[in-house]
2 protein chains.
Amino acid sequence: MDEASFLAGYDPRDYPAVAVTVDVVALTIRDGRLCVLLVERGAQPFAGRRALPGGFARDEPLDAAAIRELSEETGLTPGEGHLERVHLEQLKTYGDPGRDPRMRVVSVAYLAFAPSLPEPTAGSDAARAYWVPVEEATDLAFDHDEVLADGLERARSKLEYTPSATAFVGTEFTIGELRQVYAAVWGEELHAGNFHRKVLSVPGFVESTGETTARGGERGGPKAKLYRAGDARLLHPALLRPTREDRVR
Amino acid sequence: MDEASFLAGYDPRDYPAVAVTVDVVALTIRDGRLCVLLVERGAQPFAGRRALPGGFARDEPLDAAAIRELSEETGLTPGEGHLERVHLEQLKTYGDPGRDPRMRVVSVAYLAFAPSLPEPTAGSDAARAYWVPVEEATDLAFDHDEVLADGLERARSKLEYTPSATAFVGTEFTIGELRQVYAAVWGEELHAGNFHRKVLSVPGFVESTGETTARGGERGGPKAKLYRAGDARLLHPALLRPTREDRVR
DNA sequence: CTAGGTTCACCTCAGATCGAGTAAGACTCA
DNA sequence: TGAGTCTTACTCGATCTGAGGTGAACCTAG
């Protein structure tokens, strides 16, 4: 960072060529299961293995690179209404020497929450991409198993104290749909009554539209009231996961 | 990430030379005030301005680069017992084009919590480094104002649900010292009685040494019991900041 | 040596919140 | 029509919270 010490101590061998890539952990919920977007690698290294979508950063902000990669891999383009509601945040940066066998690659990972998106359509990069339930997304290329694990933990934690869960559902949703998001991400059932009470008691989490669903649930039940996301950025009080003693130590 | 598409779409103009640096937001508490380690820049750009300590990543893990930079800037070396107790975690990566006027620089920022360290001694890089109360650390070089702000928010949040506060004090400490850490980082006084009750009620946060301080507080009071950090990695229940409505929206 | 102020370690109390359970009513499916 | 499902609302006891109080230990000023 300091030009003088940079020039004084500069040795090309100390600073081998570094490439910066952006990888995306894109999560969505399909059929009540938490799924991640994966691509099939066509070239070495790790040919045939699955990996997180990603690519080299160009002369653009890192966030923009993540959106671009997500757009290219899903075949969806910003401006068509699909990618607008995607929540995107930086996850972590991975830069161990040797994590890419070709060269020094520093990878900035992003975490994305998407409402249920259509299966990526054939054509361009997107043909190689598909949604996979997270528990089946193992044995990924590079250090992507670790990246995915970090992303899942971040997602589970985010749901506790931010309204990010609304990014997984449409603009209008029922409390039951929101509960299914929490159940899918946390991997455990939630008490419907308590969840209902807590969501409505958090100021700014959801606001009523005054409407209800056209019909009851698929397997019966009354018409549910519809809500949209409120203006809160943090949940007070938070919706805490059922305590798991093994997470604590 | 994919070699085929990499080679097919490769254009040197798309991928200008990228440098990867590591910057550190090192926090400590001196005289009850939260302080950050800054360096005085000697060269252009931003000559004479203050900046966060940092430098170019070498062929090493990013974490190791952060430790190395911190060691070089403070004059303390790992293995002498000073840097061992420093808590270090990755904060965020900053990569906007133009954030460094010389070239494309992607900077991985780290956050460090240190117990009260001696003032960096003269010699080598460390002569330019000193601790500054965070509220006086303004008008920094590059985008370091933003990095510092992100680091402070992360630190305040970390104290809520992890035992990181113990990284700011010695191996043995009193509940009162721990409370002063929270007060300094959060910038508000805490109810001593409630804080005492909550800290002791969180399993694994602190464990008693059975000892007490040799004498009472500086301005009187009984001898305080001594504690050391427990084995918890997360605090359940968490020590939440007093709710601030303006943080929520 | 004493008085006064400070600090630690408990304790109490009222209100909020939590998990768990119950129940009424609306609705779908067979 | 009957069985089962789902939303919404309520209750209850246990727990947690913030606010405040008490007493003993301790330092310092006078």
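First the proteins, then the strands, lettered A, B, ... as listed; each starts at 1. Since we're looking at a predicted model, the values are computed, not measured.
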For [X], salt bridge (Lys or Arg N to Asp or Glu O under 4.0 Å) partners two or more places apart:
| X | result |
| --- | --- |
| B/Glu136 | B/Arg33 |
| B/Arg156 | none |
| B/Lys225 | none |
| B/Asp96 | none |

Using a cut-off of strictly less than 4.0 Å between a heavy atom of the residue and any atom of DNA chain C, enumerate the qualifying residues of residues 161-172 of chain B by number. none

Mind checking what makes ring pair (Phe, Tyr, Trp, His ring centres under 6.0 Å) contact with B/Phe173, not counting sequence neighbours? none

For B/Tyr161, which residues count as a ring pair (Phe, Tyr, Trp, His ring centres under 6.0 Å) partner, sequence neighbours excluded? none

Strictly by salt bridge (Lys or Arg N to Asp or Glu O under 4.0 Å), give each pair with a member in residues 198-207 of chain B just once, sequence neighbours left out. B/Glu207-B/Arg228

Exactly one of A/Asp150, A/Asp143, A/Asp23 clears side chain to side chain donor-acceptor pair (under 3.5 Å) with A/Tyr94, and that residue is A/Asp150

What residues, two or more places apart in sequence or in another chain, satisfy side chain to side chain donor-acceptor pair (under 3.5 Å) together with A/Arg68? A/Glu60, A/Glu72

One character per nucleotide, please: for nucleotides 6-19 of chain D, 5' to 3', B when the base has a protein heavy atom closer than 4.0 Å, S when only the sugar-phosphate does, - otherwise. BSSS-B-----BBB

Going 5' to 3' along DNA chain C, between which two nucleotides do contacts with chain A fall, using a heavy-atom cut-off of 4.0 Å? C/dC18 to C/dC29

Can you list, pair by pair, the side-chain donor-acceptor contacts under 3.5 Å of residues 162-172 of chain A, counting residues two or more places apart and other chains?
from     : atom 1 : to       : atom 2 : distance (Å)
A/Thr162 : OG1    : A/Lys158 : O      : 2.8
A/Thr162 : OG1    : A/Ser164 : N      : 3.3
A/Thr162 : OG1    : A/Ser164 : OG     : 2.2
A/Thr166 : OG1    : A/Pro163 : O      : 2.8

